Amino acid sequence: MSLERLDSSYALEQIRTLRRRLEELTRQYASGEPFAQWTPAVDVLDEEQQYRILVDLPGVKPEDLELREEGDTLTLAGIRHAPFHGTYPRQERPMGYFRRTLTLPGPIRAGESEASFKGGVLEIIAHKA
């Protein structure tokens, strides 16, 4: 039996890939959503009169997003399309549908949320009720 020496850069890359996938699964599980093809990372800031929600959505087009407000809940859904057609020997950026439902610490005023999208980050301002 012969032993092969593993390339350390290959092993480190495999560990990084596994870590990214575990982080993605953790976000999906914590969101309480049915498992989607991917789950964007979200920050919620509680400011005096509003909640500021930041969502990482690089590569997603604004027209491919949907936002719904209800009580103390925001639901964000959309799709990220592959930017190029062809065969991907390596693909680490997830594509496809996503959905996040966020329960905020308190109710918001329906129909008054504001959203802006720049640099791949969706910023939502939800005014407190």
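Residue numbers count from 1 along this sequence. This one's a predicted model, so the numbers in the text were calculated from it and none came from an experiment.
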Group every Ile, Leu, Val, Met, Phe, Trp and Tyr by side-chain heavy-atom contacts under 4.5 Å, then state whether V121 and L45 land in the same group.
yes

Taking every heavy atom of Y51 against every heavy atom of P107, the minimum-distance pair comes out as CE1-O, 4.5 Å

With a 3.5 Å distance limit and no angle check, can you tell me whether R99 reaches the backbone of T75 through a side-chain donor-acceptor pair?
no

Separation of I15 CD1 from R19 CZ (nearest 0.5 Å):
11.0 Å

Indicate, with yes or no, if V42 and L65 share a hydrophobic cluster defined by side-chain heavy-atom contacts under 4.5 Å among Ile, Leu, Val, Met, Phe, Trp and Tyr.
yes

Spacing of I108 atom CD1 and S113 atom OG [to the nearest 0.5 Å]:
4.0 Å

Is it true that E70 and R68 have a side-chain N and a carboxylate O under 4.0 angstrom from each other?
no

Between CZ on residue R16 and CD on residue E92, distance to nearest 0.5 Å:
10.0 Å

I53 reachable from I125 in the ILVMFWY side-chain graph, under 4.5 Å edges
no

Testing the basics here: between D72 and G106, what is the closest heavy-atom pair and its distance to 0.1 Å?
CB-O, 3.3 Å

Determine, step by step, whether T73 and T101 satisfy the side-chain contact (heavy atoms from CB on, under 4.5 Å) criterion, reporting the C-alpha distance in whole Å, the side-chain angles of both residues, the deciding distance to 0.1 Å, and the verdict.
CA-CA 7 Å; T73 303; T101 299; 3.3 Å; yes

Donor-acceptor under 3.5 Å (Q49 side chain, H127 main chain)
no

Hydrophobic clusters here meaning ILVMFWY residues chained together by side-chain heavy-atom distances under 4.5 Å, can you tell me if V60 and M95 are in one?
no

For the student: nearest non-hydrogen atoms of L57 and R80, plus distance:
C-NH1, 4.5 Å

Test your reading of the model: is there a side-chain donor-acceptor pair from E69 to the backbone of A110, 3.5 Å cut-off?
no

Just verifying a value: how many Å separate L54 CG and E123 CD, rounded to the nearest 0.5 Å?
5.5 Å

State whether the side chain of Y97 and the backbone N or O of A77 hold a donor-acceptor pair below 3.5 Å, judged by distance alone.
no

Is a side-chain N or O of K128 found less than 3.5 angstrom from the main chain of D46, in a donor-acceptor match?
no

Taking all non-hydrogen atoms of both residues, which atom of P83 and which atom of R93 are closest, and how far apart?
CG-NH2, 3.6 Å

Hey, mind stepping through Q50 and R109 against side-chain contact (heavy atoms from CB on, under 4.5 Å) and telling me if it holds?
CA-CA 10 Å; Q50 64 194 18; R109 298 193 308 246; over 6 Å; no

Should L122 and L104 be counted in the same cluster of Ile, Leu, Val, Met, Phe, Trp and Tyr side chains packed under 4.5 Å apart?
yes

Over all heavy atoms of both residues, which pair between D56 and W38 is shortest? Give the atoms and the distance, please.
O-CZ3, 4.4 Å

Any Lys/Arg nitrogen of D43 or R52 sitting under 4.0 Å from an Asp/Glu carboxylate oxygen of the other?
no

